[in-house]
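Below is one structure, written out as structure tokens; the observations come after it.
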2 protein chains.
Amino acid sequence: MHPKEKPDVNKVKFGSVFTDHMFKMNYTVNKGWHDPKIIPYQPVTLDPAAMIFHYGQTVFEGLKAYRTEDDQILLFRPDQNFQRLNRSSERLSIPHVDEEEVLYYLKQLIALEKEWVPKGEGTSLYIRPFIIATENNLSVHPSACYTFMIILSPVAAYYPEGINPVRIYVEENFTRAVKGGTGTAKTAGNYSAAYNAQNEATKQGFSQVLWLDGVEKKYIEEVGSMNVFFKINGEIVTPALNGSILEGITRKSMIELLKSWDMPVVEKRLSMDELLEAYNQGLLEEAFGTGTAAVISPIGELIWRDQKMKINGGETGNVSKRLYDTLTGIQTGKKADSFNWTIQVNSLDETTSN
Amino acid sequence: MHPKEKPDVNKVKFGSVFTDHMFKMNYTVNKGWHDPKIIPYQPVTLDPAAMIFHYGQTVFEGLKAYRTEDDQILLFRPDQNFQRLNRSSERLSIPHVDEEEVLYYLKQLIALEKEWVPKGEGTSLYIRPFIIATENNLSVHPSACYTFMIILSPVAAYYPEGINPVRIYVEENFTRAVKGGTGTAKTAGNYSAAYNAQNEATKQGFSQVLWLDGVEKKYIEEVGSMNVFFKINGEIVTPALNGSILEGITRKSMIELLKSWDMPVVEKRLSMDELLEAYNQGLLEEAFGTGTAAVISPIGELIWRDQKMKINGGETGNVSKRLYDTLTGIQTGKKADSFNWTIQVNSLDETTSN
Ligand SMILES: Cc1ncc(COP(=O)(O)O)c(C=O)c1O
Ligand SMILES: Cc1ncc(COP(=O)(O)O)c(C=O)c1O
């Protein structure tokens, strides 16, 4: 096999170029997960009646591999991603994978594709594990077979000029998720369900929407596909995990970092009314989204109904900046990893080389 | 091409056998929908990064073709299905199809597969039109390309011994849909989201769950993948379309039939409390689900918390029976179609034969 040419990662669109290989394994009721293998990147052939096309039984993850200055390859908390994958699978009636086993295969795959992990500020190799239902059947029931795949895509810095505050509005018509629904799972249907709202935001010149709870339309949930944090009167506040918010690994890491700095951080139910009141009193000091893609995305302007909140003069705040620098520092091996969050990918294990 | 052998439809599982041909057309931003063709039934080959696998941008429909006693082939209100397909597509940011054009192709496909429309009480050819997002890209945005397909599956009577009352319980933990979400659209994610609840119901010996609204968990929405009707003190009541209920074509047809019979029928918000009160007063006379698959599924027993409601002595009620007989009579050409609901499929139009 001829390896593909490696692109100039700063010139490709996010998630549009893939490496030479992928990981794949299958599940059947009788065999369980079986036949794991690293194979050349290749199309998937499915019957038009494959259940993934009809009933959306699928889960995915998103994480990154980083190249350090001395050419080590680091993964950031991949165990957390595979744990979450299994939690998502539970919600979608998909069988669990063995977390250690898939992490082992991921490391093999990354080792093989080492050359694809880009060099350069903010770049990384984006990792997409996903599971799809593959039974060919139109009756509405959990599939009897599944395929698990991992594909890899070299990506540029999310914000080429460093983190930049964005404009957000509060979505009042569309709902992302509701308790008892699938909001806590990383499953396909949640994302396309957000397109109408995102399209409208883009049209009006906003970067993303801020989602409210689906029940009372009062409480803050997430922003775009990120968790959200506010600094209010010196305290960092983020919405508590309530059964409809996705439990972000960046969110979790930010909370752990803040605690290690002895900064007050609270997870609680936070209403737009409270936020606006804090703003009006001059106490809303920072706001930012967190997620694997951008790490931190500061919110410079937040619009709710006819209220416009300009946060920190539209500039990136100090806590946002410090969190961003620290987390990206740890991810790329520039800062000491006192939490043991990163895992180094060693050279290819000969027993499974391809 | 050798046509497949036609199965004994009463021995195959619903939606597991497909005919010799399928319809397919593609969409790109530049060309719009293009290249419509009827082709041999065949697998679909997609890149692992195809957006359908990651963000669930997809919609589908379900309708049936029936064989009359004198071997005519009838479609039931297919225009309604393609209208709903486009409404679903709007919610998922998928481009509209030309409803008349796809109906034309559907008729061509059915004409070609005429022999596959089974004979016999309650049997039919199930029709599954669906659209999937096919751009290969992991960034979260509406796909730039799509594939529309129609596949066909001969199916037996849903209830081989005629309609039979089922046992249902009221779901209190999981939520099917909420206002502002995707409940009004026929899109994949809604269905796998219901598997956990359905699994639990099956385990406890129930046939389906009755879904409550996602906001207050008080109001009745649907039952399984069916709309739901009640006869209360002589009046037929069904939950009003409220932004989270799927607008069923069977539901719509039932309402039209009842009106034509001068039977009182109301669409309104209906709470479980009201229903239980009616039951306790001896006024809950019938209950049934409606949908393309079963047409009518009477509810013999409904459990809510610690309350058990046995409806009409667990037997199929008169209105349920009359609606079932009338609708299936119209669908199969046994009864006069005064509503002009059915469309006859003529022999193959030579211009597009395959
Ligand atoms: C809906 C949603 N919320 C939040 C996040 C942030 O999670 P993480 O920090 O694990 O990337 C993501 C992205 O993964 C997401 O899809
Ligand atoms: C969620 C849901 N509700 C109701 C229905 C009933 O709709 P119809 O009568 O058009 O089949 C269906 C099936 O199509 C459905 O999927």
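Chain letters run A, B, ... following the sequence lines, proteins first and then strands; every chain starts at 1. Note: hydrogens, waters and symmetry copies are ignored here, and every other heavy atom, side chains too, is used.
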- prompt: If you count heavy-atom pairs under 4.5 Å between each of A:E216, A:M149, A:K186, A:R128 and chain B, which one has the most?
  reply: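 With the most close heavy-atom pairs to chain B, the winner is A:R128.
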query: Any idea which of A:P142, A:A133, A:S16 has the most non-hydrogen atom pairs under 4.5 angstrom with chain B?
result: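 Winner by heavy-atom pair count: A:P142.
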Could you tell me which non-hydrogen atom of [X] sits nearest to which non-hydrogen atom of [Y], and how far apart they are?
X: B:T175; Y: A:V178; result: CG2-CG1, 3.7 Å
X: B:T182; Y: A:A193; result: CG2-CB, 3.6 Å
X: B:I151; Y: A:P48; result: CG2-CB, 3.8 Å
X: B:G56; Y: A:S192; result: O-OG, 3.0 Å

message: For chain A, which candidate among B:T202, B:V44, B:N137, B:T45 shows the most heavy-atom pairs at distances under 4.5 Å?
response: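 Looking at each of B:T202, B:V44, B:N137, B:T45 in turn, B:V44 comes out on top.
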task: Mind ranking B:A197, B:G214, B:G189, B:A188 by heavy-atom pairs under 4.5 Å with chain A and telling me who comes out on top?
output: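 Heavy-atom pairs under 4.5 Å are most numerous for B:A188.
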- request: Evaluate the side chain to side chain donor-acceptor pair (under 3.5 Å) criterion for residues A:S93 and B:N199: first the C-alpha distance (whole Å), next the side-chain angles of each, then the deciding distance (0.1 Å), finally the verdict.
  value: CA-CA 9 Å; A:S93 292; B:N199 291 348; 3.1 Å; yes
Checking heavy atoms, do the side chain of [X], its backbone, both or neither come under 4.5 Å from chain A?
X: B:Q198; value: neither
X: B:I132; value: side chain
X: B:E135; value: neither
X: B:K24; value: neither
X: B:Q42; value: backbone

query: Within the distance-only criterion (no hydrogens, no angle test), does the side chain of A:N196 pair as donor or acceptor with the backbone N or O of B:L92 below 3.5 angstrom?
result: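 Absent.
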- prompt: Is atom NZ of A:K179 surrounded by more than 12 heavy atoms (other residues, nucleotides or ligands) closer than 6.0 Å?
  reply: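 For A:K179, atom NZ is not crowded (no more than 12 foreign heavy atoms under 6.0 Å).
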Nearest 0.5 angstrom please: [X] [atom1] to [Y] [atom2], how far?
X: B:F14; Y: A:L138; atom1: CZ; atom2: CG; answer: 6.5 Å
X: A:S143; Y: B:Y195; atom1: OG; atom2: OH; answer: 8.0 Å
X: A:F53; Y: B:I52; atom1: CZ; atom2: CD1; answer: 7.0 Å
X: B:Y41; Y: A:D47; atom1: OH; atom2: CG; answer: 3.5 Å

- request: Would you check, one step at a time, whether the test side chain to side chain contact (heavy atoms under 4.5 Å, CB included) holds for A:H54 with B:Y191?
  value: CA-CA 8 Å; A:H54 303 276; B:Y191 295 82; over 6 Å; no
- request: List the steps, then state whether side chain to side chain contact (heavy atoms under 4.5 Å, CB included) holds for A:F174 with B:R91.
  value: CA-CA 10 Å; A:F174 293 106; B:R91 182 61 188 85; 3.6 Å; yes
field: Contacting region of A:E172 [heavy-atom separation from chain B under 4.5 Å]
entry: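 Neither the backbone nor the side chain of A:E172 comes within 4.5 Å of chain B.
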query: Hey, what's the ring geometry for B:Y55 with A:F60, parallel, tilted or perpendicular (30° and 60° as the breaks)?
result: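 Ring orientation of B:Y55 relative to A:F60: perpendicular.
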